[in-house]
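In this text, all values refer to a predicted model and were calculated from it rather than measured experimentally.
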Amino acid sequence: MFNISLKNSEFAIIKKLVFNEIGITLNDSKKDMVQTRLFKRLNYYQIKDFSHYLKIVQLSKFEKSQFLNQISTNETYFFRETAHFDFLEQLAKKSKSLRVWSAAASFGAEAYSISMVLDSNLFNWEVVGTDINTHVLDIARLGLYQVALLEKIPKKYQEKYCLIGRQQYEGKMLVDRKLQFQTNFLENNLMIKNDELGKFDVIFLRNVLIYFTEETKNKVIKNILHNLKKGGYLIVGMTDYFHSEEFKTLQYVKDSIYKKV
């Protein structure tokens, strides 16, 4: 690996590019993280400066995707913030069908958690998981995880939907194929209005708003609400915050859950 430092001028270009593409603001404290993550792409091309690499990013659609894959943060686990899944379970029990969007799906743990709840309580359901990061979407589609992630999954769902690997898959857990058939993962940019995704009864937009400025946060929520049915629910992270009074169609329910009225 080359011993290369990311210049402030290069980091400024990266910050602008990331903001323009996906609306995420990188503060100066992220410079070392960005440098470390992008080293592998410099090594891939066998180049010795970030300026050269940034030219490739701006000329190549493929490399721009790889660049965003390296930059975007992905932290997830099954049944994160259990109050939301308790709410979803109660909603599913009194519904005939539900269509749910996991709008920052990452490796797919949130989407599959939703699917477990819906499949246990409904016959007609669909989950769509989206992310800007194509690498994590490939992992999500595979549905194969470290067995250590089982500890967050309630026992009733472990027994029904989690297959424990043996031999070459020792230490791995596979999500039941039945769930995979009804859980679709698609590349998507939250900064863009998405007519092709259709309408949803519930949208999970959790633990992602903290990466946006107030202006881009509002844009993302407006785009999300475009896909939420009237009477549907928007669920954000417990630590996410936005000025709900700016969105007159949203009514607070509980536990960072809002209803579109």
Side-chain angles (χ1 to χ4, degrees), residues 11-31 33-34 64-65 67-69 71-76 80-81 83-84 87-88 91 98-106 110-111 114 127-134 136-137 185-261:
F11 185 52
I13 294 172
I14 289 171
K15 289 196 292 185
K16 184 176 181 180
L17 184 59
V18 169
F19 181 80
N20 289 341
E21 289 292 327
I22 56 178
I24 290 177
T25 302
L26 295 173
N27 58 45
D28 291 339
S29 66
K30 300 293 185 181
K31 181 181 175 183
M33 179 273 287
V34 169
K64 182 180 287 185
S65 177
F67 165 78
L68 294 174
N69 284 353
I71 296 297
S72 55
T73 301
N74 296 283
E75 179 185 353
T76 186
R80 185 175 187 175
E81 298 176 349
H84 294 157
F87 174 82
L88 182 64
L91 181 64
L98 286 175
R99 190 166 188 259
V100 182
W101 181 13
S102 171
S106 188
E110 178 181 83
I114 295 168
V127 174
V128 177
T130 66
D131 205 281
I132 191 68
N133 189 319
T134 57
V136 298
L137 290 175
F185 292 98
L186 306 170
E187 183 181 357
N188 177 67
N189 189 340
L190 296 176
M191 292 290 290
I192 300 171
K193 188 177 290 186
N194 293 283
D195 290 313
E196 68 277 8
L197 289 178
K199 299 292 185 178
F200 295 90
D201 301 289
V202 183
I203 298 177
F204 281 67
L205 181 69
R206 305 189 307 161
N207 307 303
V208 66
L209 294 176
I210 57 173
Y211 299 109
F212 297 117
T213 63
E214 205 61 39
E215 180 181 356
T216 52
K217 186 187 299 183
N218 291 343
K219 182 176 182 180
V220 166
I221 294 173
K222 286 178 181 177
N223 289 340
I224 288 288
L225 291 180
H226 176 72
N227 294 90
L228 185 62
K229 294 178 182 177
K230 186 175 181 180
Y233 296 91
L234 172 66
I235 302 178
V236 299
M238 295 291 192
T239 58
D240 289 329
Y241 175 76
F242 65 95
H243 297 292
S244 59
E245 65 270 15
E246 296 176 10
F247 301 93
K248 303 300 183 182
T249 61
L250 287 181
Q251 180 182 71
Y252 179 75
V253 179
K254 63 174 182 177
D255 298 326
S256 64
I257 300 170
Y258 297 83
K259 185 175 184 179
K260 186 175 181 181
V261 295

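I114 approaches S102 most closely through the heavy-atom pair CD1-CB, 4.2 Å. For the residue pair L190 and A103, the shortest heavy atom distance occurs at CD2-O, 3.5 Å. Across every non-hydrogen atom of F204 and H84, the tightest pair is CE2-CB, 4.2 Å. When all heavy atoms of K30 and F11 are compared, the closest pair comes out as C-CZ, 4.2 Å. When all heavy atoms are compared, the tightest approach of L228 to F200 is CD1-O, 3.5 Å.
The distance from the CG atom of L250 to the NZ atom of K248 is 11.0 Å, given to the nearest 0.5 Å. With rounding to the nearest 0.5 angstrom, the CG atom of L209 is 9.0 Å from the OG1 atom of T239. Note that CE of M33 and CG of L26 are 6.0 Å apart. Values are rounded to the nearest 0.5 Å. Between atom OG1 of residue T249 and atom OH of residue Y258 there is a gap of 12.0 Å, rounded to the nearest 0.5 Å. Once rounded to the nearest 0.5 Å, the distance linking CD1 of I224 with CH2 of W101 reads 3.5 Å.
The shortest distance between side-chain heavy atoms of V18 and F67 falls below 4.5 Å. At a threshold of 4.5 Å between non-hydrogen side-chain atoms, the residues K64 and E21 count as touching. Using a 4.5 Å heavy-atom cutoff, the side chains of L17 and I14 are not in contact. Annotation: side chain of I203 is not in contact with side chain of I235 (no heavy-atom distance under 4.5 Å). Taking the side chain as every heavy atom from C-beta outward, K254 and F87 approach each other to under 4.5 Å. Between L225 and L234, some side-chain heavy-atom pair lies under the 4.5 Å cut-off. Taking 4.5 Å as the limit, every side-chain heavy atom of T213 sits out of range of all side-chain heavy atoms of K217.
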Kindly determine whether L68 and N133 satisfy side chain to side chain contact (heavy atoms under 4.5 Å, CB included), including the steps that lead there. CA-CA 7 Å; L68 294 174; N133 189 319; over 6 Å; no

Derivation and outcome, side-chain hydrogen bond (donor to acceptor under 3.5 Å, both in side chains), residues N194 and H226: CA-CA 8 Å; N194 293 283; H226 176 72; over 6 Å; no

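Using a distance-only test at 3.5 Å, with no hydrogens or angles considered, no donor-acceptor pair links the side chain of T25 to the main chain of F212. The backbone N or O of A83 lies less than 3.5 Å from no partner atom in the side chain of D255, so there is not a single donor-acceptor pair. Side chain of N227 to backbone of G198: a donor-acceptor contact under 3.5 angstrom is found. Put simply, the side chain of N207 never gets that close to the backbone of D240: no donor and acceptor are under 3.5 Å apart. Under the 3.5 Å distance criterion, the side-chain polar atoms of D131 are left unmatched by any main-chain donor or acceptor of L137. Using a distance-only test at 3.5 Å, with no hydrogens or angles considered, no donor-acceptor pair links the side chain of R206 to the main chain of M238. Under the 3.5 Å distance criterion, the side-chain polar atoms of N223 are left unmatched by any main-chain donor or acceptor of V220. N188 places no side-chain N or O within donor-acceptor distance of the main-chain N or O of T130, the cut-off being under 3.5 Å.
Crowding of E215 atom CD: a count of heavy atoms from other residues, nucleotides or ligands under 6.0 Å not exceeding 12. Within 6.0 Å of NZ on K193 lie no more than 12 heavy atoms contributed by other residues, nucleotides or ligands. Within a 6.0 Å radius of NZ in K260, other residues, nucleotides and ligands contribute more than 12 heavy atoms.
Contact check on K15 versus D28 returns a salt bridge, with a Lys/Arg side-chain nitrogen under 4.0 Å from an Asp/Glu carboxylate oxygen.
The side chain to side chain contact (heavy atoms under 4.5 Å, CB included) with L91 is formed by just one residue from the set D201, I257, V202; it is V202.
Under 3.5 Å, the side chains of N69 and T134 contain a donor-acceptor pair of N or O atoms.
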